[in-house]
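For clarity, every value in this text was computed on a predicted model and none was experimentally measured.
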Amino acid sequence: MAPPKFLGLSGRPLSLAVSTVATTGFLLFGYDQGVMSGIITAPAFNNFFTPTKDNSTMQGLITAIYEIGCLIGAMFVLWTGDLLGRRRNIMVGAFIMALGVIIQVTCQAGSNPFAQLFVGRVVMGIGNGMNTSTIPTYQAECSKTSNRGLLICIEGGVIAFGTLIAYWIDYGASYGPDDLVWRFPIAFQLLFAIFICVPMFYLPESPRWLLSHGRTQEADKVIAALRGYEIDGPETIQERNLIVDSLRASGGFGQKSTPFKALFTGGKTQHFRRLLLGSSSQFMQQVGGCNAVIYYFPILFQDSIGESHNMSMLLGGINMIVYSIFATVSWFAIERVGRRRLFLIGTVGQMLSMVIVFACLIPDDPMKARGAAVGLFTYIAFFGATWLPLPWLYPAEVNPIRTRGKANAVSTCSNWMFNFLIVMVTPIMVDKIGWGTYLFFAVMNGCFLPIIYFFYPETANRSLEEIDIIFAKGFVENMSYVTAAKELPHLTAEEIESYANKYGLVDRDSNGEGGNRHDEEKTRDRPDQSDSDSPAHVEIDVVDEHGVESGFGDGINTKETR
């Protein structure tokens, strides 16, 4: 019997289709990050939306209000994402983004177009907030454990390519009629939204989400299709059992939505600390000055360096080429160099780049000010290679299976809140304090170094279960979690179970034995018995030797245990 199909595909082609659509969501995210930068100071745009003309506050508001919409969308996923499902969240998010585009491009003179543009930006932001909160989770739950980190890193990296496309479309449209200057770059986003929404209608739901809602038959079909198995084959049943083991071990089987109180627990699992680590990475990404450069690169060149609008846009496009090239560096370095070291390298590079910028602007000499361009180029290179993808990957790794969905949504909310703040105040800061803007960002990056050095444990080449043990080790032995990560060797499946028992992460039954799959299978054979009555239903954060991480995949060295 052939494996079931979605969109006429199964196996590797179907997995590739899932990754392509998911990546397009972040491509659209990057496009919208860059599209306003090239039109916000364009005469055709300012003459049509008169409140933005020579008004840095209104320029910042109409650009930054998008982030408020994104925050609303992320909060929607935080509250209802587990109930609505990954697939429907993405489809609804893409549809809302398309609606926001239509609202913006249909603005007409004489009918308060600024207010309509304002509403359209918010609506589009809501859709993007839903997508950026959901897509990494959906991708993770449809991927193998072995390539999950790389795929999420690629998603983060294509943000740069979306911004690159936006810059050059802005530049090309600047030579057209007044309406084309701003309507076409905004309308172009419809293509991305349609490419997300239409295929997603035919693609499968996350198998983990289906099983968490007790929809076993549908989950079997999805697993078989994604992996290229027969729907009733032993491989499909084995994969389903691995997911169920993982869900039961984390207390998530039959629990359609993780309670918020689980985010604020300490003890051996350190859920709250891990939530703060993931959220702080998103906070530092924004306060480090990335969007001050991405959104306002042409404005910085015009107002701080004194270049013409045309030259500023041209240099902005070149800067985005540099951004995109360096965004691919993390794809090759993420496992070799490690998350922690990349964070530190990127922070030092960004800090020194901002020092170059403000030092060249202090003399108030147009010729010397051109040296600031070097700092802006090196900044975007370091950011693209490090801080661009890492804050999307680190929360997904550092948070455990039980709280990952909500913790990722909280991290995304953090991103959008401070994204709004920086995008809103940057043009005002450039207007009022000039080179002091870049001094501020240099100081902020300097402040990040001790936080990362002392509090961010390394997660590269670690399974989720090993990361659980790192935090349990740090708590039980009263040591730094960074030190715990350094001291803990890479573990086999048997060693993970041993360490989990050592640090009290695995609850035991009355016989002193940990729960195992045989108990689970007995429970599944008795559908009339509730989960709460099952001796294997314990809320733990480390799975047994057959467990897997948050999606379905290869488990932890499962070949060694067979």
### Task
State the CE-OG1 distance between Met130 and Thr134, to the nearest 0.5 angstrom.
6.5 Å
### Message
Once side-chain contact (heavy atoms from CB on, under 4.5 Å) is applied, do any residues pair with Val443, and if so which ones, sequence neighbours excluded?
### Response
Leu439, Cys447
### Query
Is there a donor-acceptor contact under 3.5 Å linking the side chains of Ser19 and Gln139?
yes
### Message
Whether the side chain of Arg462 engages the backbone of Ile470 through a donor-acceptor N/O pair (distance < 3.5 Å, no angle test) should be reported.
### Response
no
### Message
I'd like to know if the side chain of Arg86 reaches the main chain of Ile135, judged simply by a donor and an acceptor atom lying under 3.5 Å from each other, with no hydrogens or angles considered.
### Response
no
### Query
Can any side-chain N or O of Asn46 pair as donor or acceptor with the backbone N or O of Ile40 at less than 3.5 Å?
yes
#### Entry: Check against side-chain contact (heavy atoms from CB on, under 4.5 Å), Val293 and Phe383
CA-CA 10 Å; Val293 178; Phe383 174 76; over 6 Å; no
#### Entry: Polar contact flag, side-chain donor to acceptor under 3.5 angstrom, Tyr66-Asn128
yes
### Task
Determine yes or no for a side-chain-to-main-chain donor-acceptor pair under 3.5 angstrom, with Thr52 supplying the side chain and Met58 the backbone.
no
### Message
Given the ring of Phe260, does Lys406 sit roughly above its face, with NZ or CZ under 6.0 Å from the centre of the six-membered ring and within 45° of the axis?
### Response
yes
### Query
Do Ser280 and Tyr456 have a side chain donor and acceptor closer than 3.5 Å?
yes
### Heavy-atom donor-acceptor pair, Glu458 side chain to Arg339 backbone, under 3.5 Å
yes
### Task
Taking atom types as modelled, find out whether Thr347 and Trp387 have a side-chain donor-acceptor pair closer than 3.5 angstrom.
yes
### Task
Determine whether the side chains of Thr378 and Ser353 contain a donor N or O and an acceptor N or O closer than 3.5 Å.
yes
### Cation-pi geometry met for Arg183 and Phe48 (6.0 Å, 45°)
yes
### Message
Students often mix this up, so state it plainly: with edges at 30° and 60°, are the rings of Phe114 and Phe118 parallel, tilted or perpendicular?
### Response
tilted
### Task
Please determine, by modelled atom types, if Thr459 and Glu397 share a side-chain donor-acceptor pair under 3.5 angstrom.
yes
### Message
Angle between ring planes, Trp182 versus Phe49, binned at 30° and 60°: parallel, tilted or perpendicular?
### Response
perpendicular
### Task
Under the salt bridge (Lys or Arg N to Asp or Glu O under 4.0 Å) rule, collect the residues that match up with Glu477, sequence neighbours excluded.
Lys473
### Test applied, ring-ring contact (aromatic ring centres under 6.0 Å, His included); reference residue, Phe192; option that passes from Phe161, Phe26, Tyr31, Phe29
Tyr31
### Task
Verify whether the ring centers belonging to Phe471 and Tyr481 lie closer than 6.0 Å.
yes
### Message
Looking at Tyr453, I'd like to know if the NZ or CZ of Arg340 sits under 6.0 Å from its six-membered ring centre while staying within 45 degrees of the ring's axis.
### Response
yes
